[in-house]
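Reviewing the structure listed below.
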Amino acid sequence: MQYLVGVLMALTVILLVWHRYGMERVVELSAGSGIPYQVLNGAKDHGASIVRHRVEDGALKVDCTLVRQFEWPYCSVRFYLGEGAKGMDMSGFDTLTLDIRHTGPGPRKLRLYLRNFDAGVSSVTELNSQRVNEIEFEVPEKGELVVPYDLLRTATWWVKLRNRSLMETRVRMDNVTTVELSSGVDNELGLHQIEVRSIK
């Protein structure tokens with residue numbers, strides 16, 4: 001009996017330590033995380049916005065001058081989690097924690113896209129064929145925001161573009177190839193400064 005109690009006590013301690021340090025899995029996207037990224041200005045959509053970036057104190061700082069040459073000018077930072085049709089299974093995660101800053105004219109809104117490669121629907125040659133799971137949000141004063149996964153939605157424009165039925169519009173995160181932080185739809189033209197400390 002003493003042996004059994006000792007084993008149970010040891011197992012309890014092991015489970016508590018595992019719960020605290022082992023059960024939680026975190027993927028960090030930042031300038032120093034080693035995950036490749038690209039800063040974009042909308043040129044592929046015939047945009048003319050001007051973007052410059054640098055890394056300072058571990059943060060990715062993006063200077064984005066929005067110029068209206070087409071209807072939805074934008075600048076963005078895209079992190080690559082995979083290659084071709086192979087992405088990362090993020091279906092087991094439950095939150096996104098954003099540590100970012102935004103200054104500029106008008107509302108301080110940003111968009112976050114998680115693109116999921118869906119076999120039979122997506123193409124490796126067309127990024128917008130991948131399911132676009134998105135949120136748009138106002139950047140808080142302190143720059144830190146925790147977003148539950150269930151607030152993500154499949155983008156309406158993607159549903160129309162790919163002609164998906166209602167039952168095919170649920171969020172899918174089992175093969176995420178890119179995570180992209182972009183200027184918001186309502187951002188005014190002019191200089192916006194976006195600082196990405198981390199997306200976890």
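Sequence positions, counted from 1, serve as the residue numbers for this chain.
- Transitive grouping of hydrophobic side chains (ILVMFWY, heavy atoms separated by less than 4.5 Å) brings Phe79 and Ile194 into a common cluster.
- Arg108 is not listed as a side-chain neighbour of Thr103, based on a closest heavy-atom distance of 4.5 Å or more.
- Using a 4.5 Å heavy-atom cutoff, the side chains of Leu145 and Val139 are not in contact.
- Summarising the geometry of Asn128 relative to Leu161, their closest heavy-atom pair is O-CD2, 4.0 Å, with the distance given to 0.1 Å.
- Counting only distance, with no hydrogens or angles, the side chain of Asp63 and the backbone of Arg52 share no donor-acceptor pair below 3.5 Å.
- Between Asp174 and Arg172, the shortest heavy-atom contact is OD2-NH2, 2.8 Å.
- Ring geometry, Tyr37 versus His53: the interplanar angle exceeds 60°, so the pair is classed perpendicular (tilted spans 30 to 60°).
- Not one N or O on the side chain of Ser122 forms a donor-acceptor pair closer than 3.5 Å with the backbone of Ala119.
- Around atom NZ of Lys61, more than 12 heavy atoms belonging to other residues, nucleotides or ligands sit under 6.0 Å away.
- For Glu141, the CD atom counts as loosely surrounded, since its 6.0 Å shell holds 12 or fewer non-hydrogen atoms of other residues, nucleotides or ligands.
- For the side chain to side chain contact (heavy atoms under 4.5 Å, CB included) test with Leu81, the passing option among Asn175, Val179, Asp89 is Val179; the others fail.
- If you chain together hydrophobic residues whose side chains sit under 4.5 Å apart, Leu66 and Leu40 never meet in one group.
- Judged purely by atom type and a 3.5 angstrom limit, Ser123 uses its side chain to pair as donor or acceptor with the backbone of Thr125.
- If you take OG on Ser183 and CG on Asn41, they are separated by 10.5 Å, rounding to the nearest 0.5 Å.
- In this structure, Trp158 is not a member of the same hydrophobic cluster as Met173, with clusters built from ILVMFWY side-chain heavy atoms closer than 4.5 Å.
- Hydrophobic cluster membership differs between Leu127 and Leu114, with clusters built from Ile, Leu, Val, Met, Phe, Trp and Tyr side chains linked at under 4.5 angstrom.
- Between atom CG of residue Asp99 and atom NZ of residue Lys142 there is a gap of 12.5 Å, rounded to the nearest 0.5 Å.
- Put simply, the side chain of Gln193 does not reach to within 4.5 Å of the side chain of Glu195, judged on heavy atoms.
- Salt-bridge check for Glu56 with Arg54: passed, with a basic side-chain N closer than 4.0 Å to an acidic carboxylate O.
- With values rounded to the nearest 0.5 angstrom, Ser49 atom OG is found 11.5 Å from Leu191 atom CG.
- Distance check, rounded to the nearest 0.5 Å: OH of Tyr149 to OG of Ser91 gives 8.5 Å.
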Going through the distances and angles, do His192 and Cys75 end up as a side chain to side chain contact (heavy atoms under 4.5 Å, CB included)?
-> CA-CA 9 Å; His192 294 262; Cys75 297; over 6 Å; no
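- Using a 4.0 Å cut-off between charged side-chain N and carboxylate O, Arg111 and Glu134 make no salt bridge.
- Here the CD-NZ distance, from Glu28 to Lys200, works out to 5.0 Å after rounding to the nearest 0.5 Å.
- Side-chain atoms of Thr177 and Gln130 form a donor-acceptor pair, as typed in the model, at a separation below 3.5 Å.
- Although no hydrogens or angles enter the test, the distance criterion places a donor-acceptor pair under 3.5 Å between the side chain of Thr154 and the main chain of Thr169.
- Residues Leu110 and Ile100 are in side-chain contact: their nearest non-hydrogen atoms beyond the backbone lie under 4.5 Å apart.
- Counting non-hydrogen atoms of neighbouring residues, nucleotides and ligands closer than 6.0 angstrom, the CD atom of Glu126 exceeds 12 such neighbours.
- When atom types are taken as modelled, the side chain of Glu136 and the backbone of Val185 share a donor-acceptor pair closer than 3.5 angstrom.
- Note on Phe93: it does not cluster hydrophobically with Tyr113, by side-chain heavy-atom contacts below 4.5 Å among ILVMFWY residues.
- No side-chain donor-acceptor contact under 3.5 Å links Asn133 to the backbone of Leu152.
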Assess whether side chain to side chain contact (heavy atoms under 4.5 Å, CB included) is satisfied between Arg131 and Arg162, documenting all intermediate values.
-> CA-CA 9 Å; Arg131 180 181 302 269; Arg162 307 313 297 178; over 6 Å; no
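- Between Leu189 and Val67, every side-chain heavy-atom pair lies at or beyond the 4.5 Å cut-off.
- How far CD of Glu188 is from NZ of Lys109: 12.0 Å, rounded to the nearest 0.5 Å.
- Comment: Arg78 engages Glu180 in a salt bridge, judged by a side-chain N to carboxylate O separation of less than 4.0 angstrom.
- Side-chain contact check for Leu112 versus Phe137: some heavy-atom pair is nearer than 4.5 Å.
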